[in-house]
2 protein chains.
Amino acid sequence: MSDGYHHGNLRQALIDAGIKIINESGEDGLSLRKVAAACGVSHAAPYAHFKDKEELVEAIKASVNEQFMEELEQAAAGAKNAEGALINMGRSYVTFFVRNPDYFRFLFGSQNIIAHPRPDKRFKEDYPPFTLLKDTYQKYLKEKKLKKKKEEQELDVIRLWSSAHGLAAIACMPGVETSFDWEEKKIWAVLLR
Amino acid sequence: MSDGYHHGNLRQALIDAGIKIINESGEDGLSLRKVAAACGVSHAAPYAHFKDKEELVEAIKASVNEQFMEELEQAAAGAKNAEGALINMGRSYVTFFVRNPDYFRFLFGSQNIIAHPRPDKRFKEDYPPFTLLKDTYQKYLKEKKLKKKKEEQELDVIRLWSSAHGLAAIACMPGVETSFDWEEKKIWAVLLR
DNA sequence: CGCATATCTTGACAATGTAAAGATGTGCGG
DNA sequence: CCGCACATCTTTACATTGTCAAGATATGCG
């Protein structure tokens, strides 16, 4: 059932091929026709599974986001307490994108930034990594027996997020890796304060 | 000399038209042919001034970067001391991109991030806003009579930059503006700690 | 078995980037 | 003033790409 006219699981194959192409030549190298060709299928075949090129791109983003989310969860799980989880997550946030800078631009570079769950939902309410951060932060507060106002809590979370995200952004910029290498200790030092 | 076959100053006109288009429809709406049409000129005319579409895009980026840099300089100049300059710059960094989110994606979203001075040069050595930040930070150290190791200084600068940049990135994400509005007080609170 | 449907192919079209060849104006040396 | 080199612009052409429509092919269900 997987040969000849019908592919078997073309949808996933297209997503995988898309990821491969992005890893090799960045998002610019990504075209519907190339993805189709990489799956040995005609140029219009993707339209049986995706309404748009955009819909394919969003599916690829979702896949990359899952991979990203897994690393974050693993980082959080590998800590002894909530504070350690926060630190680990921050480090993972940066190292994940340092390892594949194209992913950073792919996920955060275009218009509709994160379409993982639903594009119509707000980023801060619906983006799983952000939810994980908020939950971990809450555990951290309990752990340290800290009482803070809602507003202050939100600022804290934004602070954590933006420092990790900003650091990842800088680390992903071309021509940065040589003059400042992002080994773990330095990342840790920047994030921690 | 400005009518008929020769345009007068087509190069600048193309850049301006490009900026206008980006403001209206984002970078996706930007095509060489549209830019040319907006200047009332044939679709191949730009090739007399730019080798590539990319070269035009880089010129547009340079122009936007100049605008950005001006605002940062103004923000720094409007402070009484270096510490105030740092705070003002951080606030301006965010508000500039909050005012035009398309610029953020345009400047930092694509592959060759910042080609303002020369793409072959390193970001941290050659990007004017970064230089301004480093200088202001040095003044701040003198002002406060602080002595720090080179390494620690570099970390501080990265910290300042990445927190502002990360905050701008989050603020520019679609669907964020409603649930958390980036009025000056909040930006200030996030950046300052 | 036969049919509705999902899946895929083929062919076409418009938009785009780009190159080549030629037209047109500008300015400079004579 | 003339003519010529050069910059600028147009026209034409072509490859790539996203998208659509029409048709072919397989799959599963009654």
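Every chain is numbered from 1, with letters handed out A, B, ... down the list of sequences.
Direction change of the helix axis from one end of the helix from dC1(C)-dG30(D) to dG30(C)-dC1(D) to the other is 10°, with five pairs defining each end axis (rounded to 10°).
For the contact set between residues 42-51 of chain B and DNA chain D, defined by any heavy atom under 4.0 Å, the members are S42(B), H43(B), A44(B), A45(B), A48(B), H49(B).
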Report all interatomic pairs (protein N or O, nucleotide N or O of nucleotides 14-16 of chain C) with separations under 3.5 Å.
| residue | atom | partner | partner atom | Å |
| --- | --- | --- | --- | --- |
| dT16(C) | OP1 | K34(B) | NZ | 3.4 |

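Residue Q74(A) qualifies as open at atom CD: its count of foreign heavy atoms under 6.0 Å is 12 or below.
The two residues S162(A) and S163(B) have their closest heavy-atom pair at OG-O, 4.0 Å.
Here the options are E73(B), E71(B), M69(B), the test is side-chain contact (heavy atoms from CB on, under 4.5 Å), and the partner is P129(B); only M69(B) passes. For the ring-ring contact (aromatic ring centres under 6.0 Å, His included) with F97(B), the qualifying choice from Y103(B), F106(B), F108(B) is F108(B), the only one to do so.
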Item to check | Derivation and outcome, salt bridge (Lys or Arg N to Asp or Glu O under 4.0 Å), residues E27(A) and R105(A) | outcome: CA-CA 8 Å; E27(A) 194 176 1; R105(A) 287 184 281 272; over 6 Å; no
Checklist entry - Where do F96(B) and L72(B) land on the side-chain contact (heavy atoms from CB on, under 4.5 Å) test, with the steps shown first? => result CA-CA 9 Å; F96(B) 177 83; L72(B) 288 182; over 6 Å; no
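One interatomic measurement links the two molecules: CD of E55(B) to C1' of dG17(C), which rounds to 14 Å at whole-angstrom precision.
At a threshold of 4.0 Å, the pair R159(A)-E152(A) counts as salt-bridged, since one of the basic side-chain nitrogens sits closer than that to a carboxylate oxygen. Using a cut-off of 4.0 Å between Lys/Arg side-chain N and Asp/Glu carboxylate O, K34(B) and E24(B) are scored as not salt-bridged. The pair K61(A)-E54(A) does not count as a salt bridge, with every side-chain nitrogen at least 4.0 angstrom from each carboxylate oxygen.
For an aromatic pair to be called close, the ring centres must be under 6.0 Å apart, and H165(B) with F104(B) satisfies this.
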